[in-house]
Amino acid sequence: MAATAAIAIVAVEEDGRIGASFPAGVLRLERVFPVNHSVELEELIARDRARHARMLQNFAGGIGNFPVIGSSDPFLVGFYYTKVKLGSPPREYNVQIDTGSDILWVTCGSCNNCPQTSGLGVELNFYDTASSSTASLISCSDRRCASDECSRETNQCAYTFHYGDNSGTTGYYVSDLIYFDTVLGTSLTANSSSPIVFGCSTSQSGGLTKMDRAIDGIFGLGQQGLSVISQLSSNGISPKVFSHCLKGDGNGGGILVLGEILNPSIVYSPLVPSKVHYTVYLQSIAVNGQILPVDPGVFVSSNDRGTIVDSGTTLVYLASEAYEPFISAVSVFFPDLLQHS
C-alpha cells in the first residue's frame with residue numbers, strides 16, 4: 001500500500017457540467033502510520049475509540065447522564081435505581097434500573113395494591129396525567145402502541161408485564177417529557193428534555209407491593225422500540241448505546257450514561273444476536289484462577305437457555321451443572337466466605 005494518496009476535488013456547475021468555471025483541485029493525503037512503521041493492535045484500537053468518542057460527542061444533543069443509587073447487598077437495598085424527571089412541571093421519580101426489560105413505567109395516582117411508603121427512606125411519588133401540561137394518552141390506533149391490550153371503552157393503549165420474581169404490573173401508556181443532563185464535548189453539561197412514551201401503572205402484584213423496598217417504577221433498558229434508549233435515539237438525542245457501571249463495595253452507586261464510556265480498562269464481550277435479552281457467550285468459570293470442570297455444553301445458548309445480563313436481578317444464578325462445582329471450589333479457596341454468608 002502506498003504511503004501517500006491523492007483525492008481530486010472537482011467543481012460541478014448547476015447545469016451538471018464538470019469543471020466549467022473552476023479548475024480541479026488535488027489534496028495530498030498522508031498516512032497516519034508509515035508503511036515501514038510497526039503498529040501495535042492496541043494503538044489502532046485506541047485511535048479508533050478516540051475517534052468514536054468524538055463522533056459521540058458530536059451526536060445531536062449530546063449524551064444523557066443519570067445518577068445511580070443503591071447497592072448489591074441484599075440485606076440493604078439489593079438493587080440499583082436512578083432518578084428520572086417526568087412531566088410539566090417536572091416531578092422526580094426513583095426507578096429501578098433493569099436491563100432485563102424494555103419499558104419505563106411509574107406508579108399512577110390511581111394505582112391499586114401499590115405501596116404508599118417505602119422502607120428505603122425515599123419518598124414515593126405518583127404520576128398524574130392531569131397534573132402535567134405536556135401529558136397525553138396513547139390511543140389504541142397510535143402507531144406507537146405496540147400492545148395487543150386495548151380498552152374499547154377508553155381507547156387506551158394498555159400493558160401487562162410479568163417479571164422473573166413473579167411480580168407484575170398493569171397500566172396504560174402515556175406520552176410526556178423526560179428531563180436529563182447531557183454531556184456536550186468533554187466537560188460541558190446542559191439540561192435537556194424529550195417526549196417519550198412510558199407506562200402509568202394502575203395495578204401491581206407480587207414483590208412490587210411490598211413496602212420494605214418499594215420504589216416509583218422500573219427503568220427498562222432493553223433493546224425493543226419502546227425502551228428509553230430506542231426512543232431517545234429515534235428522537236436524535238443520544239446514540240443507541242448505554243454504559244452502566246455498578247459499584248459493589250462501600251455505599252454502592254455507579255454510572256448510567258446513554259452513550260459510550262471509553263476506558264482502556266473496559267473488556268468487551270460480544271452479544272448473542274437475535275435474542276430478546278442481552279445474552280453473552282459464557283465459555284467457562286474460574287475460581288482463584290482455576291477453570292472449573294464444567295462441560296462447555298452447559299453454557300451453550302439455545303431457544304430456552306443462555307446467559308443473560310440483567311441488572312434488575314440481585315443474585316447470580318447458575319445451572320446446577322455449574323453451580324455445584326462453583327460452590328465446591330469456593331468452599332476450598334474461600335472457606336470463610338461461605339461461613340459468613
Side-chain angles (χ1 to χ4, degrees), residues 66 69-70 77-88 90-120 122-132 134-140 142 144-151 153-179 195-222 224-231 310-313:
F66 294 85
I69 312 101
V77 181
F79 62 86
Y80 294 82
Y81 60 97
T82 187
K83 298 178 181 291
V84 297
K85 292 181 179 180
L86 302 169
S88 301
R91 294 193 65 186
E92 192 170 72
Y93 302 88
N94 295 293
V95 288
Q96 182 178 351
I97 302 169
D98 184 19
T99 60
S101 62
D102 297 301
I103 307 300
L104 164 66
W105 63 264
V106 292
T107 305
C108 273
S110 58
C111 187
N112 297 318
N113 301 324
C114 298
Q116 301 298 308
T117 59
S118 173
L120 297 177
V122 297
E123 180 182 357
L124 298 182
N125 290 317
F126 301 91
Y127 179 81
D128 181 13
T129 55
S131 300
S132 174
T134 50
S136 61
L137 300 178
I138 302 298
S139 67
C140 296
D142 194 300
R144 295 170 293 180
C145 180
S147 173
D148 295 330
E149 303 177 42
C150 273
S151 171
E153 300 174 353
T154 61
N155 191 29
Q156 289 182 348
C157 183
Y159 67 83
T160 297
F161 299 137
H162 296 287
Y163 298 97
D165 61 355
N166 293 322
S167 63
T169 175
T170 298
Y172 56 89
Y173 288 110
V174 300
S175 175
D176 210 339
L177 292 179
I178 183 173
Y179 301 82
I196 64 163
V197 175
F198 58 92
C200 193
S201 174
T202 57
S203 178
Q204 296 172 13
S205 61
L208 292 175
T209 64
K210 296 181 179 179
M211 252 186 355
D212 55 344
R213 298 181 183 182
I215 208 156
D216 295 323
I218 291 181
F219 193 166
L221 293 173
Q224 304 305 309
L226 279 183
S227 71
V228 173
I229 298 172
S230 297
Q231 292 190 68
D310 182 12
S311 65
T313 300

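Position 1 is the first residue of the sequence; numbering continues from there. The figures that follow rest on heavy atoms only: side chains count, while hydrogens, waters and symmetry mates do not.
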4.5 Å side-chain heavy-atom contact, [X] and [Y]:
{"X": "Phe126", "Y": "Gln116", "answer": "yes"}
{"X": "Ser227", "Y": "Ile103", "answer": "no"}
{"X": "Leu226", "Y": "Asp102", "answer": "no"}
{"X": "Val95", "Y": "Ile215", "answer": "no"}
{"X": "Ile138", "Y": "Val197", "answer": "yes"}

Counting only N and O atoms by type, is there a donor-acceptor contact under 3.5 Å from the side chain of [X] to the main-chain atoms of [Y]?
{"X": "Asp212", "Y": "Gly119", "result": "no"}
{"X": "Ser311", "Y": "Thr99", "result": "yes"}
{"X": "Gln231", "Y": "Ile229", "result": "no"}
{"X": "Ser167", "Y": "Gly206", "result": "no"}

Drop me the distance from [X]'s [atom1] to [Y]'s [atom2], to the nearest 0.5 angstrom.
{"X": "Leu177", "Y": "Ser88", "atom1": "CG", "atom2": "OG", "answer": "4.5 Å"}
{"X": "Ser110", "Y": "Asp128", "atom1": "OG", "atom2": "CG", "answer": "8.0 Å"}
{"X": "Leu221", "Y": "Ser101", "atom1": "CG", "atom2": "OG", "answer": "8.0 Å"}
{"X": "Ile178", "Y": "Ile196", "atom1": "CD1", "atom2": "CD1", "answer": "4.0 Å"}
{"X": "Thr117", "Y": "Glu123", "atom1": "OG1", "atom2": "CD", "answer": "11.0 Å"}
{"X": "Arg91", "Y": "Asn125", "atom1": "CZ", "atom2": "CG", "answer": "4.5 Å"}

Practice prompt. Before giving the answer on side chain to side chain contact (heavy atoms under 4.5 Å, CB included), spell out for Thr107 and Gln204 the whole-Å C-alpha distance, their side-chain angles and the decisive distance to 0.1 Å.
Written response: CA-CA 9 Å; Thr107 305; Gln204 296 172 13; 3.0 Å; yes
Fill in: Geometric class of the Phe79/Tyr81 ring pair [parallel <30°, tilted 30-60°, perpendicular >60°]
tilted
Fill in: Mutual orientation of the aromatic rings belonging to Tyr173 and Phe161 [parallel < 30°, tilted 30-60°, perpendicular > 60°]
perpendicular
Donor-acceptor pair between [X] and [Y] side chains, under 3.5 angstrom:
{"X": "Asp142", "Y": "Ser139", "value": "no"}
{"X": "Gln224", "Y": "Ser230", "value": "no"}
{"X": "Thr169", "Y": "Ser201", "value": "yes"}
{"X": "Asp176", "Y": "Ser132", "value": "yes"}
{"X": "Ser203", "Y": "Thr170", "value": "no"}
{"X": "Thr129", "Y": "Tyr172", "value": "no"}

Worksheet item: What do the steps show when you test Phe219 against Lys83 for side chain to side chain contact (heavy atoms under 4.5 Å, CB included), and what is the final call?
Response: CA-CA 9 Å; Phe219 193 166; Lys83 298 178 181 291; over 6 Å; no
Quick one: closest heavy-atom pair of [X] and [Y], and the distance?
{"X": "Pro115", "Y": "Met211", "value": "CB-CG, 4.1 Å"}
{"X": "Leu124", "Y": "Ser118", "value": "CD2-CB, 3.9 Å"}
{"X": "Arg213", "Y": "Leu120", "value": "CA-CG, 3.9 Å"}

Practice prompt. Check step by step if side chain to side chain contact (heavy atoms under 4.5 Å, CB included) holds for Asn112 and Thr202.
Written response: CA-CA 6 Å; Asn112 297 318; Thr202 57; 5.8 Å; no
Discussion item. Holding to side chain to side chain donor-acceptor pair (under 3.5 Å), I want the full list of residues that pass it with Thr154, two or more places apart in sequence or in another chain.
Written reply: Ser151
Worksheet item: With sequence neighbours left out, what residues match Asp216 under side chain to side chain donor-acceptor pair (under 3.5 Å)?
Response: none
Item to complete: Given side chain to side chain contact (heavy atoms under 4.5 Å, CB included), test Cys200 with Trp105 step by step and report yes or no.
Response: CA-CA 6 Å; Cys200 193; Trp105 63 264; over 6 Å; no
Practice prompt. May I ask you to check whether Tyr127 and Phe198 place their ring centres under 6.0 Å from each other?
Written response: yes
Discussion item. If you compare the SG positions of Cys157 and Cys145, is the separation below 2.5 angstrom?
Written reply: yes
Worksheet entry | Sole candidate of Thr82, Val84, Leu104 that passes side chain to side chain contact (heavy atoms under 4.5 Å, CB included) when paired with Tyr93 | Val84
